Amino acid sequence: MATPHIEVNDKNLFAKTVLMPGDPLRAEYIAKTYLTDVVKINNVRNMFAFTGYYKGKKITVMGSGMGMPSIGIYSYELFNVYGVENIIRIGSCGSYSKDVNVYDVIIVKDAYSESSYAKVAYGYEENVQKGSDELFAKLNESAKKLGYPVINERIHSSDVFYRAHGNVFTDVRDAYGCVAVEMESFALFANARYLNKKAACVLTVSDSLVTNEVTTSEERQNSFNRMMEIALEAAE
Ligand code: HPA
């Protein structure tokens, strides 16, 4: 049962719900800060995974790495080999909109991408992929209960971070209505769709391509903590 990327040999070491930050050290921070009875279950490529309990609920936190190829591999194996039912990506994004500010939290409605991932993998022609309506609703309920304001909009899952022509984001924003950019959700949503599993994505805005504002590490941590609470409370 171990895969080339995950050394776990017992399905039960994974919870049914996995929270996926991009950075494996973030996964470690989350496990240590929010979970009890934590066990580290994966070390391959330092893509750490931890399983523990949040208010009695069994939860796994695992890094996804950056970009669609990376989250595509890990989420596929979690869903298909380890019986994981729900993956909630918790990440950061850059704002494309003057109405979306640094530190805002976005519960992603759906993701546009120019990526060929969904077409190559599954023959899906649509350039917008969407996660689970049920998880989306749960995350929104959770934010409401906690009293944290959130944005529900479309985002751009980009295949590239650096471009020859700096600020090309306005084309994508205006053509597809994307309010922010990250690099993973489209592939995660396509995998969940194909495998009949549930996926969702919560993002904090870490930078703005409109104002070029950058965040301070303290404030980043605060908005990150809000996003984490929303995801943990929504997890089954
Ligand atoms: N581009 C792509 N992904 C990102 C960004 C960005 O500006 N900020 C956070 N994730």
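What you are looking at is a predicted structure, and each value in this text was computed from that prediction instead of being measured. When a ligand or atom number is given, it counts from 1 through the structure's own listing order. One is the number of the first residue; the rest follow in order along the sequence.
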* With distance as the sole criterion, is a donor-acceptor pair present between the side chains of Asn191 and Tyr117 under 3.5 Å? ->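 Asn191 vs Tyr117: donor-acceptor pair found between side chains.
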* Asked: Is the closest side-chain donor-acceptor distance between Ser158 and Arg163 under 3.5 Å?
  -> yes
* In terms of side-chain geometry, is the basic nitrogen of Glu134 or Lys138 positioned less than 4.0 Å from the acidic oxygen of its partner? -> yes
* **Under 3.5 Å: donor-acceptor pair, side chain of Asn127, backbone of Glu114** =>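 No, the answer is negative, given that no donor and acceptor are paired below the 3.5 Å cut-off.
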Any protein N or O within less than 3.5 Å of an N or O in ligand 1? List each pair with its distance, or say none.
residue  : atom  : partner : partner atom : Å
ligand 1 : 7 (O) : Asp207  : OD2          : 3.3
ligand 1 : 8 (N) : Gly94   : N            : 3.3
ligand 1 : 8 (N) : Asp207  : OD1          : 2.9

* For the pair Tyr96 and Phe169, name the ring-plane relationship: parallel under 30°, tilted 30 to 60°, perpendicular over 60°. => parallel
* Would a 4.5 Å heavy-atom cut-off, applied to side chains only, mark Tyr148 and Val105 as touching? -> no
